[in-house]
Chemist: 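Quick one: this structure, given as structure tokens, is what I'll be asking you about.
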Amino acid sequence: MTGWLAVAGLGPGREDLVTPEVSAALAGATDVLGYIPYVARVAPRPGLTLHPSDNREELDRALHALDLAAAGRRVVIVSSGDPGVFAMASALFEALETRPDLHRLDIRILPGITAMLAAAAAVGAPLGHDFCCINLSDNLKPWALIDHRLRLAVEADLAMAFYNPRSKSRPEGFVRALETLRQLCGPDRLITFARAVSTPDQAIRTVTLGEATPEMADMRTLVIVGNAQTRRVGPWVYTPRSAS
């Protein structure tokens with residue numbers, strides 16, 4: 001049996017937002033690996049082995065998947081959203097660098113709808129012009145680098161999407177991010193908190209930076225900050241396609 005390895009995005013949460021390509025890969029898989037809650041979204045069936053693991057075991061997970069595929073298994077690593085956005089695709093290639101014997105393995109990256117795009121669609125079109133995406137977790141990079149990128153994004157007047165804004169173990173980072181944004185953008189800039197988008201727990205809230213508090217975000221929240229032109233139209237928020 002010829003093995004292959006796919007890294008697949010399960011989308012933001014709702015099952016009908018999983019792409020047909022990803023569904024087909026899961027239907028043909030012999031093994032599925034991923035973070036515990038993501039693997040839980042895959043229905044068990046005869047001939048399929050599920051390998052859930054902790055969120056901080058990305059490299060071990062990737063190496064395990066490579067070994068399974070090299071042994072002839074049909075393997076899918078699942079991520080939420082898109083696997084190439086702060087997720088398992090990069091971890092897989094990091095592991096692959098250590099295994100030159102497997103560089104010709106059949107590897108496929110299957111895109112998914114990431115939380116940033118799902119959240120933007122739920123609120124309107126806040127990313128309708130140039131934007132950037134920043135992971136506010138300092139687990140893999142120092143806060144000084146996050147702050148530097150945040151300031152450059154504001155200087156460039158980019159709309160911004162923030163992943164992993166605030167967790168119980170690092171609540172102070174988002175406090176500092178909000179302080180920097182208020183200092184550089186002023187209190188009237190629009191900020192959207194989109195929690196658990198596309199799930200039954202979805203909650204969308206748009207306020208100004210002056211009204212925003214750190215407690216409005218957690219690890220299930222995608223935060224979008226508009227640029228200087230972002231505005232409301234009825235219940236929606238959008239950023240014009242032309243720059244002033």
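All residue numbers in this chain count up from 1 along the given sequence. Both backbone and side-chain heavy atoms feed into the values below; hydrogens, waters and symmetry mates do not.
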Chemist: Residues two or more places apart in sequence or in another chain: which of them pass ring-ring contact (aromatic ring centres under 6.0 Å, His included) with H148?
Modeler: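 For H148, no residue satisfies ring-ring contact (aromatic ring centres under 6.0 Å, His included) once neighbours in sequence are set aside.
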Chemist: Taking side-chain hydrogen bond (donor to acceptor under 3.5 Å, both in side chains) as the definition, give me every residue that meets it alongside T208, ordered by chain and number, with sequence neighbours left out.
Modeler: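 Per chain and number, T208 pairs via side-chain hydrogen bond (donor to acceptor under 3.5 Å, both in side chains) with E211.
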Chemist: Just so I know, are the side chains of V225 and V154 near enough to count as touching, which here means a heavy-atom distance under 4.5 Å?
Modeler: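 They are not in side-chain contact.
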Chemist: For atom CG of L140, is the number of surrounding heavy atoms from other residues, nucleotides or ligands below 6.0 Å larger than 12?
Modeler: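 No - once you tally the heavy atoms of other residues, nucleotides and ligands closer than 6.0 Å, there are 12 at most.
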Chemist: Is the backbone N or O of A69 less than 3.5 Å from a side-chain atom of R74, with the two atoms forming a donor-acceptor pair by type?
Modeler: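 Pair absent, no side-chain N/O of R74 close to backbone of A69.
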Chemist: Tell me, which pairs form a side-chain hydrogen bond (donor to acceptor under 3.5 Å, both in side chains) where one or both residues lie in residues 96-111, sequence neighbours left out?
Modeler: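 Qualifying pairs, neighbours excluded: D67-R99, R99-D101, D106-R108.
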Chemist: For residues 52-61, which residue pairs pass the side-chain hydrogen bond (donor to acceptor under 3.5 Å, both in side chains) check, not counting sequence neighbours?
Modeler: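 side-chain hydrogen bond (donor to acceptor under 3.5 Å, both in side chains) check on residues 52-61 returns S53-R61.
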Chemist: For residues 80-95, which side-chain N or O atoms pair as donor and acceptor with protein atoms under 3.5 Å away, sequence neighbours left out?
Modeler:
unit_1 : atom_1 : unit_2 : atom_2 : d
S80    : OG     : Y38    : OH     : 3.3
D82    : OD1    : G84    : N      : 2.7
D82    : OD2    : G112   : N      : 3.1

Chemist: Using a 3.5 Å distance criterion without hydrogens, assess whether the side chain of D147 forms a donor-acceptor pair with backbone atoms of A177.
Modeler: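 Looks like no, no N/O pair under 3.5 Å.
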Chemist: To the nearest 0.5 Å, how far apart are NE2 in H51 and CD1 in I77?
Modeler: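 Those atoms lie 10.5 Å apart.
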Chemist: Under the side-chain hydrogen bond (donor to acceptor under 3.5 Å, both in side chains) test, which residues partner N164, sequence neighbours left out?
Modeler: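 Partners of N164 under the side-chain hydrogen bond (donor to acceptor under 3.5 Å, both in side chains) test: N135.
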Chemist: Going by the salt bridge (Lys or Arg N to Asp or Glu O under 4.0 Å) test, which pairs reach into residues 118-129, not counting sequence neighbours?
Modeler: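 Not a single pair qualifies under salt bridge (Lys or Arg N to Asp or Glu O under 4.0 Å).
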Chemist: Which residue pairs pass the salt bridge (Lys or Arg N to Asp or Glu O under 4.0 Å) test when at least one of the two sits in residues 212-228, sequence neighbours left out?
Modeler: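 Every salt bridge (Lys or Arg N to Asp or Glu O under 4.0 Å) pair that includes a residue of residues 212-228, provided the two are not neighbours, is R195-D218, D201-R220.
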Chemist: Would you mind writing out the side-chain donor-acceptor pairs for residues 114-130 within the sub-3.5 Å range, not counting sequence neighbours?
Modeler:
unit_1 : atom_1 : unit_2 : atom_2 : d
T114   : OG1    : Y163   : OH     : 2.4
H129   : ND1    : R241   : O      : 3.0

Chemist: The criterion is side-chain hydrogen bond (donor to acceptor under 3.5 Å, both in side chains); which residues satisfy it with D16, sequence neighbours excluded?
Modeler: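 D16 satisfies side-chain hydrogen bond (donor to acceptor under 3.5 Å, both in side chains) with R14 only.
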Chemist: Using the side-chain hydrogen bond (donor to acceptor under 3.5 Å, both in side chains) criterion, which residues pair with R166? Sequence neighbours excluded.
Modeler: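 side-chain hydrogen bond (donor to acceptor under 3.5 Å, both in side chains) check on R166 returns nothing, list empty.
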Chemist: Donor-acceptor pairs under 3.5 Å, side chain of residues 182-193 to any protein atom, not counting sequence neighbours: which ones?
Modeler:
unit_1 : atom_1 : unit_2 : atom_2 : d
R182   : NH1    : L209   : O      : 2.8
R182   : NH1    : A212   : O      : 3.2
R189   : NH1    : G226   : O      : 3.1
T192   : OG1    : T206   : OG1    : 2.7

